[in-house]
Amino acid sequence: MPGVRGMRDILPADAASWQAVERVLADVAASFAYQPMRLPLIEFTALFKRGVGEATDIVEKEMYTFADNDGESLTLRPEGTASCARALLDAGLLYNAVQRVTYSGPMFRYERPQKGRYRQFEQFGVETFGLVGPDIDVELLLMCQEMWRQLGVSDAVVLQLNTLGSGDSRVRYRQALVDYLTPFATDLDADSQRRLKTNPLRILDSKNARTAEIVAGAPTLASFVDDEARAHFDGLLNQLQTLGVDAQINPTLVRGLDYYTHTVFEWVTDALGAQGTVCGGGRYDGLVELLGGKPTPAAGFAAGIDRLVLLRDAVGPALDNSECDVYWVVPDASYVAAAQKQANELRQDPAGVRVRLHTGGGKMKNQMKKADASGAQFAFIVGPEELAAGQITVKRLRGEGGQNSMSVAEAFAMVAREIQGTG
Ligand code: ATP
Ligand code: MG
């Protein structure tokens, strides 16, 4: 039976790339002293209606919403920021406090599946609360930059930045935009006509050619940004310049979610076709209040793990696809228990040696073939003579090759040393 459309199976062959990406994201966030949280996959539908916004694509048409047995309307989370803010607010952790947290896992959106766009996809989210910036905005962007560096994709992504101004200037701009667009209403694409009433800022990033032409003549968001917001944004740009972080200002960048204020950004690549945004974020100073808390400055981003895996595979370094480091050959099935015991000792080495023990018996020759196919560096051969002598016959499967016998301790130490050297 096929799986459900848009839901992803990540098969073993893709595991190395997923692990590499997840490890880099988690390690870099940890190196900035951010703390991981775990959040539920299911929330009250009202959380997203309020926290993401009724007029967004997500709430209008992308949510997996259902009634549970009590008739409560629940939704599979389409994003993590609203849940994260809710959880910290519920726990009383946003009151006069600073938080720097991360979370990751699957998100669900009913979209048209294609390369880089799925109905179940994974995000790595980073959120900060209680910090007004712009220094924290800079910290978040530096964190992204370090993630891309460690993934080997820096040359394939660019940072696009914009400011939405404060809540006030956004309201005034929204009105000016509606006033400008209304006379053209019938020329706009269908989505944009609808958004004129619900979420006019989204019209700015319409991909429709005629709409884009009309939008080109619209008043710019920048001309509505007040002095304070301008100072925030200039401060951000100055710090980025000092740090050597390259950014393009994109005056039409507005992002899909309602809760953004001030800084918004996206990291974009042209290596993946249409689904080019690998990470998006910014400031959302209004969110916590929307959820019933006190006004709390906040900023963060969400990286799309699926897209980062695709990007890493396209432009990043080749990965070690071996299934194990040591393939343990058992020439005589009657010694398999002894082999299990020894193999387990090697697995406990702090170097983290991956040991696969041959199972199912069979001829030496076939076992050696399996050892080769596993991608292992070494085959360990332990037959009755080796066991009696406390030795292991070690065969090198890569490079120069060669085979010799040595004590168990020597064999373990050598493998641990070489694995650490390459790992
Ligand atoms: P898009 O414009 O591509 O729909 P978005 O603005 O809806 O993106 P966000 O809500 O900001 O995306 O999510 C942050 C990141 O999560 C995106 O930049 C992208 O990398 C990833 N992402 C979003 N939706 C999907 C999806 N359906 N499939 C895979 N990745 C996604
Ligand atoms: Mg989207």
Side-chain angles (χ1 to χ4, degrees), residues 4-10 14 18 21-22 25 48 51-53 55-64 75-85 102-127 140-141 143-144 147-148 151 153 156-162 164 191 195 199 201-208 250 252-260 263-284 287 298-314:
V4 175
R5 182 166 140 86
M7 306 293 149
R8 300 198 77 190
D9 299 317
I10 309 301
D14 302 318
W18 274 77
V21 171
E22 287 174 329
L25 299 180
F48 302 114
V52 177
T56 57
D57 283 350
I58 291 181
V59 174
E60 270 183 348
K61 55 188 184 196
E62 294 175 358
M63 295 204 301
Y64 281 89
T75 294
L76 287 178
R77 65 179 184 191
E79 58 102 55
T81 301
S83 305
C84 179
T102 68
Y103 55 83
S104 67
M107 306 292 162
F108 302 86
R109 297 184 193 177
Y110 190 81
E111 306 204 61
R112 194 166 69 77
Q114 53 201 291
K115 181 183 172 195
R117 189 176 294 285
Y118 312 99
R119 290 179 176 174
Q120 175 174 332
F121 61 97
E122 305 237 351
Q123 283 185 342
F124 185 84
V126 175
E127 318 283 0
L140 292 166
L141 291 169
M143 187 191 295
C144 293
M147 289 169 170
W148 316 150
L151 288 173
V153 303
V157 291
V158 294
L159 170 61
Q160 299 198 345
L161 268 181
N162 194 19
L164 301 176
D191 267 348
R195 286 181 177 143
N199 193 358
L201 263 63
R202 277 311 307 267
I203 300 175
L204 296 179
D205 61 13
S206 166
K207 305 282 181 286
N208 178 280
N250 176 354
T252 65
L253 180 67
V254 293
R255 317 246 331 111
L257 314 181
D258 254 10
Y259 49 59
Y260 285 97
T263 316
V264 287
F265 62 84
E266 289 188 350
W267 291 89
V268 183
T269 179
D270 53 20
L272 295 181
Q275 271 46 257
T277 304
V278 293
C279 174
R283 213 156 240 294
Y284 38 91
L287 176 66
F301 65 83
I305 299 181
D306 306 65
R307 290 183 195 175
L308 284 172
V309 169
L310 289 170
L311 182 61
R312 207 218 63 78
D313 289 345

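Every number for a ligand or one of its atoms is a count from 1 in the order of the listing. If you read the sequence from its start, that first residue is 1, and numbering goes on from there.
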Exercise. Does the pair Val126 and Leu140 meet the rule for a side chain to side chain contact (heavy atoms under 4.5 Å, CB included), with working shown?
Worked result: CA-CA 8 Å; Val126 175; Leu140 292 166; 3.7 Å; yes
Exercise. For ligand 1, which part of Asp306 has a heavy atom less than 4.0 Å away: the side chain, the backbone, both, or neither?
Worked result: neither
Seminar exercise, completed: When rounded to the nearest 0.5 Å, the distance separating CZ of Arg195 from CD of Glu60 is 7.0 Å
Exercise. Hey, mind stepping through Arg119 and Arg109 against side chain to side chain contact (heavy atoms under 4.5 Å, CB included) and telling me if it holds?
Worked result: CA-CA 5 Å; Arg119 290 179 176 174; Arg109 297 184 193 177; over 6 Å; no
Could you name the option among [options] that has the heavy atom nearest to [atom]?
atom	options	answer
atom 15 (C) of ligand 1	Gln123, Glu266, Glu79	Gln123
atom 1 (P) of ligand 1	Gln275, Arg119, Arg117	Arg117
atom 28 (N) of ligand 1	Phe108, Tyr118, Tyr110	Tyr118

What atoms of ligand 1 come within less than 4.0 Å of a heavy atom belonging to [X]?
X	answer
Gly304	16 (O), 20 (O), 21 (C)
Cys279	18 (O)
Val278	18 (O), 20 (O)
Arg109	5 (P), 7 (O), 9 (P), 10 (O), 12 (O), 13 (O), 23 (C), 24 (N)

Exercise. Can you name the residues that form a salt bridge (Lys or Arg N to Asp or Glu O under 4.0 Å) with Glu22, not counting sequence neighbours?
Worked result: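 Counting only residues at least two positions away or on another chain, Glu22 forms no salt bridge (Lys or Arg N to Asp or Glu O under 4.0 Å).
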Problem set entry | Between Arg8 and Gln120, a side-chain donor and acceptor under 3.5 Å | no
Exercise. Hey, is Glu111 one of the residues with a heavy atom under 4.0 angstrom from ligand 1?
Worked result: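 Contact present.
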For this session: Using a strict 4.0 Å threshold on nitrogen-to-oxygen distance, state whether Asp57 and Arg202 make a salt bridge.
Result: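 A salt bridge links Asp57 with Arg202.
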For this session: Return each pair, listed once, that meets salt bridge (Lys or Arg N to Asp or Glu O under 4.0 Å) where at least one residue sits in residues 271-283; pairs must be two or more places apart or across chains.
Result: Asp137-Arg283, Arg283-Asp285
